[in-house]
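See below for the structure under consideration.
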Amino acid sequence: MFIHFWGVRGSIPTPLTPQQIQSKIMAAVQRITPQDLESAQSRAKFVSSLPDWIFGTTGGNTACVQIRSGKNELVFDAGSGIRGYGKSNLIPIDRHFNLFFSHLHWDHIQGLPFFDFAYNPLASFDVYSPVENAKEYLSYQMTDPYYPVTFEAFTKNMSFHKMEAGKAVELEGTTIHCCEMSHPGSSYSYSIREGNKKVVYATDVELKSKDFEDNPETEIVFKDADLVILDSQYTVEEAYRKENWGHSAFCYAIDFAVKWNIKKIYLFHHEPTYDDKKLNNILQAARWYAQYINHSELEIYLAKEDMEIEL
């Protein structure tokens, strides 16, 4: 399986601010020594040695994850990140997309009107959602006065399918299951299985005690996954203050991955007020926490825009 992150933020698109860019420059300047400036080679070496939070960025686009499983092109959510996907060279040759929605909150649908291939008459879509009237709801954001182009401008090759927990969607060589999670208005997590490989997309999840209990619907999605992309929006302190907002603290996400014997976790749906330095600190804290609970074998990563994974 091939995975590409096009959008990893939660709630609202979050571009870098001038102040954040200036802070990165200052942090880099403070690390420079005279030896680092002696030659082009030493300067390049210095730049490459900078921490990720200085040299790059986690990204500010809202949720969109591309997963290529066999011959199937799967896209999970259509946040603002889907716009970049539509302008990339990673589009499938047959221009067929299987688009899955976790739920229909705005940060997960707002990019769809900006996805070039949605208007291409030669493109085709199978759209999957646990919501009964998904097509109707998606069209609302493309009505006057909110948007100048209506949903009717989209390709006519767009079929809608209702997902149900416990019922598999079988594509060519790929099986997709979903289960309902705790989130205002509800949200669904998806497992994608190809042969002996299993990936889980679990955004907008406020982990509760019931999620750690054995039940068939949760087990079939999460148990023994190779990799989970999991909502880890908050620190513990903020999760306490924002109870019932529908998102999880990173340490709860680690506990959850351990419970379901998941091998790798990618922290996802990042809080829009957290800058790159804080997100890096959260990653380090998450890795420390895994060691503290004697599960250092769990691989923990920060989901970043344009990151690619081969599984």
Side-chain angles (χ1 to χ4, degrees), residues 5-13 61-65 67 74-82 98-112 127-138 140-141 160-169 176-192 199-213 215-222 225 227-234 238-239 242-250 252-253 255-257 259-260 262 265-272 303:
F5 291 103
W6 294 101
V8 298
R9 283 281 173 178
S11 305
I12 190 170
N61 280 302
T62 54
C64 180
V65 177
I67 299 179
L74 315 176
V75 184
F76 290 87
D77 284 330
S80 62
I82 201 171
N98 297 286
L99 178 56
F100 293 82
F101 285 100
S102 60
H103 62 312
L104 301 182
H105 283 171
W106 198 22
D107 54 323
H108 294 260
I109 68 171
Q110 64 192 176
L112 189 59
V127 182
Y128 298 87
S129 168
V131 178
E132 186 73 48
N133 300 314
K135 181 178 180 179
E136 180 181 355
Y137 293 132
L138 289 171
Y140 283 166
Q141 68 172 336
F160 284 78
H161 313 274
K162 188 177 185 299
M163 291 287 296
E164 293 184 32
K167 293 186 178 181
V169 168
I176 298 103
H177 280 93
C178 71
C179 67
E180 187 173 7
M181 309 299 289
S182 297
H183 187 74
S186 188
S187 180
Y188 282 70
S189 295
Y190 291 93
S191 66
I192 305 95
V199 171
V200 180
Y201 177 75
T203 186
D204 290 61
V205 174
E206 184 166 2
L207 293 169
K208 304 284 189 180
S209 58
K210 67 178 181 62
D211 298 311
F212 293 79
E213 299 170 359
N215 71 75
E217 291 181 359
T218 305
E219 181 175 322
I220 200 168
V221 170
F222 289 100
L227 183 156
V228 62
I229 300 162
L230 183 57
D231 184 328
S232 316
Q233 183 160 338
Y234 296 140
E238 190 158 17
K242 296 182 176 179
E243 186 178 2
N244 297 323
W245 282 39
H247 304 287
S248 296
F250 67 86
Y252 303 158
D255 290 337
F256 184 76
K259 154 64 185 175
W260 290 109
I262 296 171
I265 179 172
Y266 283 77
L267 308 180
F268 186 73
H269 204 269
H270 307 307
E271 164 63 32

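None of these values were measured; they are calculated from a predicted model.
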Treating [X] as the side-chain partner and [Y] as the backbone partner, does any N or O pair qualify as donor plus acceptor under 3.5 Å?
| X | Y | answer |
| --- | --- | --- |
| E206 | N244 | yes |
| Y190 | F101 | yes |
| S80 | T62 | yes |
| S187 | H103 | no |
| Q141 | I109 | yes |

Check your understanding: When rounded to the nearest 0.5 angstrom, what distance separates NE2 in H105 from CG in D77?
Key ->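 Going from NE2 on H105 over to CG on D77, the span is 11.5 Å.
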Practice item. Find the distance between CG (D204) and OG (S182) and round it off to the nearest 0.5 Å. Key: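 One gets 12.0 Å once the value is rounded to the nearest 0.5 Å.
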Practice item. Report the C-alpha distance between F268 and Y201 in whole Å, list the side-chain angles of each, state the deciding distance to 0.1 Å, and finish with yes or no for ring pair (Phe, Tyr, Trp, His ring centres under 6.0 Å). Key: CA-CA 10 Å; F268 186 73; Y201 177 75; 5.7 Å; yes
Review point. Taking atom NZ of K210 as the centre, does the number of heavy atoms from other residues, nucleotides or ligands within less than 6.0 Å exceed 12?
Key: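 Yes, enclosed.
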Check your understanding: Would H269 and D107 count as a side chain to side chain contact (heavy atoms under 4.5 Å, CB included) if you check the C-alpha gap in whole Å, the side-chain angles of each, and the deciding distance to 0.1 Å?
Key -> CA-CA 10 Å; H269 204 269; D107 54 323; 3.4 Å; yes
Review point. What heavy-atom pair brings W260 and E219 nearest, and what distance separates the two atoms?
Key: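 Smallest interatomic distance, heavy atoms only, reads CZ3-CA, 3.8 Å.
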**Study point:** Chi angles and distances behind the side chain to side chain contact (heavy atoms under 4.5 Å, CB included) call for D231, H183
**Key:** CA-CA 11 Å; D231 184 328; H183 187 74; 5.6 Å; no
